[in-house]
Amino acid sequence: MPAGERSPKQHFRSARNAVITSLLRSGELSRSELSGITGVSPAAITEVTQSLLQQGLLAEIPSLSTNGRRGRPIVNLRLQASHAYFVGISVGESAMPMVITNLCGEVVAHHNLPTRKSPGHLVKTVQKALQEILRAARIPRSRIRGIGITISGIVDANEGICRYSADLGWRDVPAAQLIAKALRIPVWVDNDANTIAVGEKFFGKGRDIEHFSSIMLGRTIGSAHYMHGKLYRGHSDSAGEIGHIAVVPGGLQCRCGRKGCLDTVAGGLALRNAAKLSGFPVRKTRELEEVALHGNTEATRLLQNAGTCVGLAVAALVHLNNPQCILFRDFEGFGDGIFRTATRQAIENNIMSRYLGSTQIIFNDAERDLLPRSAASIAAFEYLNSL
Ligand SMILES: [Zn+2]
């Protein structure tokens, strides 16, 4: 086979992925609609859908409408949501939510795990909770096809190892292997910023977008990038460390050992520390917006400065990667306040005019279960890719 040409197997795989992605987006489609949307020939669509029907991944739904004058009823196809289930767990310092999602990425069960920081305790906790959840939700264990775990810290996703997590006090913990061995279910681990981006691609705003950047606004700031429909990890799995871009030369000390990183002026933790030092301590970052709204000029300055710094870093990212869309996920509860306005303005004022109309900026609050649900979608992607 000449170099660059795809084998029949690769063609089949690419057509199958296109079918699954289209059904995830649209819910129900007929074979001819699938062919139209994906650009895959009707013959190949028939072959792929037959194979997926045999595997139990698809279900046929007779439609009431008919196809043309011959009056043949149209048969629609949809993913069989109960064919496979995935577990998603967000391992954090103060909370460990766990969910089970179906093949369509919908949450069917939720559980809050007791926070246990030692890896050994985590394995036992997950083992016990999974047993209870499956019993309560009446899901056969054999239908669980994978577990996705998200950890705040430096994660080697290829090896499934948490290299370092300041929150958990972990160093070189082979989390995926430990849990997979105990539960005999495949496990994937990734950091929170990558996990959110995968969630955006699987069930969020990134479904229809090939090139997008996802920005996580939390205690610290993270980012991840989809390019040509794939998560870009960089050569050593470290792409996306937007929080450690230097924005204030010689500024405040950052936990990474350097000074003036974006995290030190715009992370939720840094903002709360700054508010405390300025004499108006707040428990949650959203209270800072309220304080500013009531006329506190220092609170206004902190939020404006934070938003401007985030906007400048994102403007640089737009120039570097030319994404179609920037998807912000707000875990801090800034709302439509000073921070968001300053961020948006700084992006718009600092990107070249040709990017202005072609780069969508979307802010979304982080809904409940976003992290564990996104973690489950890591496992779903791996399962679907393995078919
Ligand atoms: Zn830093």
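Ligands are counted one by one from 1 in listed order, and the atoms in each one are counted from 1 as well.
None of L113, T115, I89 except one satisfies the side-chain contact (heavy atoms from CB on, under 4.5 Å) rule with T125; the exception is L113.
Geometrically, R344 does not engage F363 in a cation-pi contact, judged by NZ or CZ lying under 6.0 Å from the ring centre and within 45° of the ring axis.
A parallel orientation is assigned to the rings of Y226 and F212, their planes being inclined by less than 30° (bins at 30° and 60°).
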Open item on the list: Before you tell me yes or no, could you show the steps for V198 and K201 under side chain to side chain contact (heavy atoms under 4.5 Å, CB included), namely the whole-Å CA-CA distance, both residues' side-chain angles and the distance that decides it to 0.1 Å?
Closed with: CA-CA 5 Å; V198 174; K201 189 71 189 154; 5.6 Å; no

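Counting only protein N, O or S atoms, the number found under 2.8 Å from the Zn ion (ligand 1) is 4.
Other residues, nucleotides and ligands place more than 12 heavy atoms under 6.0 Å from the CZ atom of R233.
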Only distances under 3.5 Å count here; give the side-chain donor-acceptor pairs of residues 50-61 to other protein atoms, sequence neighbours excluded, each with its distance to 0.1 Å.
{"unit_1": "E60", "atom_1": "OE2", "unit_2": "R31", "atom_2": "NH2", "d": "2.9"}

